[in-house]
Amino acid sequence: QLAGEGQQSIIAGIVQKLRVLNAVRSAEIGLFLTTAEYECLKEKAVLARLLSRRLYYLAVKICEYLKVPYDFVLVDWACEKVRCDGDFSAAQLCCLVREKLANHAVSYAQIAWSAFQAGRSELACLLLQYEPRVSDRLPLYLLMGEYGRAVKEAAESGDEDMMTFV
């Protein structure tokens with residue numbers, strides 16, 4: 001019976017690998033990987049290739065199928081959204097990002113930094129409000145030149161080290 005369970009596990013792994021390979025090999029995706037390449041690269045590298053092609057939906061679906069946390073995919077999507085989407089106002093874009101990431105524990109600091117680098121300071125400040133860790137918010141406020149906000153956040157945190165840092 002144990003040998004049978006082991007064989008089922010091996011077969012399930014092979015089926016899982018083939019399904020992922022078939023998904024990324026489709027004509028629309030065009031990521032032609034051999035089984036040996038997939039074995040060498042592992043899932044994270046394959047997912048990174050999908051993210052570089054901005055195939056976020058497929059990356060999330062593969063993560064769900066493989067039972068891999070996909071918060072990094074959502075953060076990458078949000079960073080790309082705040083960098084490239086000029087059709088929305090800062091408030092609209094912040095609401096959109098918040099809506100998509102509401103049920104996930106992600107770092108808004110990384111997304112805010114992408115917004116700031118893209119020249120969207122107002123959006124960066126809005127996003128930073130949702131970063132749960134003050135220690136991640138303060139350095140970004142300082143880098144963005146938001147000294148008043150940094151002082152206020154440090155004072156509200158009650159952490160003497162944070163206050164001294166600011």
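Positions are given from 1 along the sequence.
Among all heavy-atom pairs drawn from F32 and R25, the shortest one is CE2-O, 3.2 Å. The two atoms that bring L21 and T34 nearest to each other are CD2-O, 4.2 Å, heavy atoms only. Shown here for L123 and A90, the closest heavy-atom pair between the two residues is CD1-O, 3.3 Å. Nearest heavy-atom pair, R120 versus S89, reported as atom, atom and distance to 0.1 Å: NH2-C, 3.9 Å. L51 approaches V73 most closely through the heavy-atom pair CD2-CG1, 3.7 Å. Minimum interatomic distance between A59 and L47 (heavy atoms only, all atoms of both residues): O-CD2, 3.7 Å.
Applying the side chain to side chain donor-acceptor pair (under 3.5 Å) criterion to Q110, with sequence neighbours excluded, gives no partner residue. Every residue two or more places apart in sequence or in another chain that forms a side chain to side chain contact (heavy atoms under 4.5 Å, CB included) with S121 is listed here: F116.
For the atom pair CD1 of I111 and CG of L126, the computed distance is 13.0 Å after rounding to the nearest 0.5 Å. Atoms NZ and CD1, from K17 and I14 in turn, are 6.0 Å apart once rounded to the nearest 0.5 Å. C94 contributes atom SG, which lies 10.0 Å from atom CG of L128 (distance to the nearest 0.5 angstrom). Note that CG of L142 is 9.0 Å distant from CG of L140, once rounded to the nearest 0.5 Å. A distance of 10.0 Å separates OH in Y38 from CG in L18, rounded to the nearest 0.5 Å.
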I'd like to know whether V75 forms a side-chain contact (heavy atoms from CB on, under 4.5 Å) with S107, so could you lay out the CA-CA distance, the side-chain angles of the two residues, the decisive distance to 0.1 Å, and finally the verdict. CA-CA 8 Å; V75 169; S107 172; 5.7 Å; no
Could you walk me through whether R49 and L55 pass the side-chain contact (heavy atoms from CB on, under 4.5 Å) test, one step at a time? CA-CA 9 Å; R49 288 183 179 196; L55 298 170; over 6 Å; no
Please lay out, stage by stage, how Y65 and K61 fare under the test side-chain contact (heavy atoms from CB on, under 4.5 Å). CA-CA 6 Å; Y65 179 70; K61 289 301 176 188; over 6 Å; no
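In this structure, V151 and Y141 have side chains that are not in contact, with every pair of non-hydrogen atoms separated by 4.5 Å or more. Looking at D159 and V134, their side chains never come closer than 4.5 Å, going by heavy atoms from C-beta outward. Residues T164 and V166 are not in side-chain contact: their nearest non-hydrogen atoms beyond the backbone lie 4.5 Å or more apart. Side-chain atoms of Y56 and L50, non-hydrogen and from C-beta on, never get closer than 4.5 Å to each other.
If you chain together hydrophobic residues whose side chains sit under 4.5 Å apart, L93 and W113 never meet in one group. Both F88 and W77 are part of a single hydrophobic cluster, where members link through side-chain heavy atoms under 4.5 Å apart. No single ILVMFWY cluster, assembled from side-chain heavy atoms under 4.5 Å apart, contains both Y57 and I62.
No donor-acceptor pair closer than 3.5 Å links the side chain of K67 to the backbone N or O of E64. With hydrogens and angles disregarded, no donor-acceptor distance shorter than 3.5 Å links the side chain of R83 to the backbone of S114. With hydrogens and angles disregarded, a donor-acceptor distance shorter than 3.5 Å links the side chain of R53 to the backbone of I29.
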For residues 96-106, which side-chain donor-acceptor pairs fall under 3.5 Å, sequence neighbours excluded?
| residue | atom | partner | partner atom | Å |
| --- | --- | --- | --- | --- |
| R98 | NH1 | Y108 | OH | 3.2 |
| H104 | ND1 | D71 | OD1 | 3.3 |

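For E160, the CD atom sits in a loose shell: 12 or fewer heavy atoms of surrounding residues, nucleotides or ligands are nearer than 6.0 Å. The local environment of CZ in R54 is sparse, with at most 12 non-hydrogen atoms from other residues, nucleotides or ligands closer than 6.0 Å. A 6.0 Å sphere centred on OH of Y147 holds no more than 12 heavy atoms belonging to other residues, nucleotides or ligands.
A salt bridge is defined here as a Lys NZ or Arg NE, NH1 or NH2 lying under 4.0 Å from an Asp or Glu carboxylate O, and R137 with E153 meets this definition. A salt bridge links E131 to R133: one of the charged nitrogens lies within less than 4.0 Å of a carboxylate oxygen.
Seen from the ring of F72, K44 counts as a face-on cation partner, given the 6.0 Å and 45° thresholds.
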